[in-house]
Amino acid sequence: MMLKEYRTITEVAGPLMLVENVENVTYDELGEIELQNGETRQCKVLEINGSNALVQLFESAAGINLGGSKVRFLGRGIELDVSEDMLGRVFDGMGRPKDGGARVIPEKRMDINGLPMNPAARDYPAEFIQTGVSAIDGLNTLVRGQKLPIFSGSGLPHAELAAQIARQAKVLGTESNFAVVFAAIGITYEEADYFISDFKRTGAIDRTVLFVNLANDPAVERISTPRIALTAAEYLAFEKDMHVLVILTDITNYAEALREVSAARKEVPGRRGYPGYLYTDLATLYERAGRKKGFNGSITMIPILTMPEDDKTHPIPDLTGYITEGQIILSRELYRKGLTPPVDVLPSLSRLKDKGIGKGKTREDHADTMNQLFAVYSRGKQAKELMAILGEAALSDTDKLYAKFADVFENRYVSQGYETNRSIEETLNLGWELLTIMPRSELKRIRDEYLDKYLPEEPKEDR
């Protein structure tokens with residue numbers, strides 16, 4: 001079918017271009033601009049007003065001559081070529097190969113905006129995913145089909161934690177059918193190089209699809225990158241029956257791009273200048289994760305976002321918290337102490353953890369030990385604060401044990417490094433070992449039968 005060409009570009013302002021006298025052009029439609037020298041650039045329709053179309057360029061506007069350039073509208077939105085051959089490959093933010101390999105021969109093409117998952121067709125998340133990170137597995141458990149964001153701060157090591165989870169994560173008993181879709185949004189070249197080389201070094205690249213959008217790529221491409229990644233994930237999960245873990249980093253860069261495009265369109269800004277539809281827009285991404293009835297595959301999502309000025313009430317973490325099922329919070333205080341990863345377990349939360357733990361999933365004692373560790377660590381931190389104000393002499397002998405526990409817990413349980421991959425048994429056993437610091441009479445949250453069965457006899461000498 002011959003596509004109609006328009007030579008009616010009347011205005012170019014930054015990334016926006018106005019095309020007049022168009023027919024049958026629709027919102028979000030993809031277009032091609034052909035320059036006088038034969039070069040083509042992609043664009044997307046942002047707004048239709050009568051016969052005028054406002055389009056956004058994916059590349060720079062440099063070299064576009066209003067009289068000599070022509071525009072073709074393709075009659076479709078942005079689509080991604082999908083195939084199982086995507087595994088082990090690196091693509092740019094628009095799904096084009098970035099690793100020097102050939103283009104993927106598609107099994108099909110899928111619209112990147114996807115279809116919302118019918119709530120009635122959703123299956124409840126209920127299976128444990130082992131990340132190998134004790135602070136997550138033991139205390140804020142990730143469940144298959146869950147959306148569990150990581151709230152970080154500028155300069156904190158969320159990149160290292162993201163790479164570790166991507167390397168280590170697995171659904172127990174179904175290792176061969178697990179894939180990772182990793183989308184890096186608006187990151188620097190150094191960060192991109194870190195992720196790619198880390199995945200290649202450890203062999204994790206073989207089960208990973210990597211989409212990399214760099215900070216110097218156009219803002220409108222940044223808006224498409226997470227949608228392209230989720231389209232690849234939907235294909236692998238619901239057509240190839242894979243358990244897919246989607247890691248999106250950094251959602252803050254995505255929201256900044258959304259704000260930039262919104263400002264270019266002269267929309268009325270909402271809180272802190274972000275568009276009023278930021279909540280809806282984030283929900284269209286996050287709600288693409290989950291399990292569907294009648295399908296073996298699933299999409300589990302870990303969005304990572306840096307909180308501007310470490311502010312949990314900033315619109316991006318605030319709205320993300322409403323849509324997702326908990327959060328893992330990285331702490332600057334723990335990072336300064338040298339803990340790796342610096343996960344602050346007390347304000348972190350996994351709302352679905354109870355659904356993925358227990359007998360037949362992790363171990364029967366998991367829930368009790370988790371509650372006990374939270375309780376002892378919380379009181380230990382209070383004891384340490386009291387000690388800082390009043391001195392150690394003000395503490396009772398029991399409070400001194402709680403304070404000691406808090407230190408040992410942070411240094412041995414939370415701080416495990418980025419190369420250690422602990423099984424859930426190792427995590428649970430380490431929890432029990434640490435609980436021997438406390439007298440048995442203080443372990444009130446664990447049933448006696450589990451204390452008899454799992455509590456080690458003697459505390460280790462190295463403490």
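For clarity, every value in this text was computed on a predicted model and none was experimentally measured. In what follows, residues are counted from 1 in the order of the sequence shown.
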Can [X] and [Y] be counted as an ion pair, charged N to O under 4.0 angstrom?
X	Y	result
Lys108	Glu234	no
Lys240	Glu107	yes
Lys70	Glu5	yes
Arg222	Asp217	no
Glu256	Arg259	yes
Asp137	Arg422	no

Donor + acceptor pair across side chains of [X], [Y] (<3.5 Å):
X	Y	answer
Glu160	Tyr194	no
Thr284	Arg227	yes
Thr231	Arg288	yes

Closer than 3.5 angstrom, by distance alone: can the side chain of Gln164 be matched with the main-chain N or O of Thr420 as a donor-acceptor pair?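 The answer is yes, because a donor-acceptor pair under 3.5 Å joins these two groups.
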
I'd like to know if the side chain of Arg89 and the backbone of Asp85 have a donor-acceptor N/O pair within less than 3.5 Å.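 Answer holds: no.
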
Angle between ring planes, Phe199 versus Phe182, binned at 30° and 60°: parallel, tilted or perpendicular?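 Ring orientation, 0 to 90° scale: perpendicular.
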
Given side chains that start at C-beta, do those of Ile136 and Ile165 come closer than 4.5 Å, heavy atoms only?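 Sidechains of Ile165 and Ile136: in contact.
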
Can you list the steps and then say if Phe151 with His314 is a ring pair (Phe, Tyr, Trp, His ring centres under 6.0 Å)? CA-CA 11 Å; Phe151 289 4; His314 185 277; over 10 Å; no

Considering all heavy atoms, the nearest Thr249-Ile187 contact: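 For Thr249 and Ile187, the tightest heavy-atom pair comes out as O-CG2, 4.1 Å.
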
Can you confirm whether more than 12 heavy atoms, excluding those of Lys337, are under 6.0 Å from its NZ atom?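 More than 12 heavy atoms, drawn from other residues, nucleotides or ligands, come within 6.0 Å of this atom.
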
Among Arg122, Arg144, Met117, His243, which residue meets the side chain to side chain contact (heavy atoms under 4.5 Å, CB included) test with Arg291?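 Looking at Arg122, Arg144, Met117, His243, the match for Arg291 under the side chain to side chain contact (heavy atoms under 4.5 Å, CB included) is Arg144.
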
Results of side chain to side chain contact (heavy atoms under 4.5 Å, CB included) for Val143 - residues two or more places apart only: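 If we apply the side chain to side chain contact (heavy atoms under 4.5 Å, CB included) test to Val143, skipping adjacent residues, the hits are Pro125, Gln146, Leu352.
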
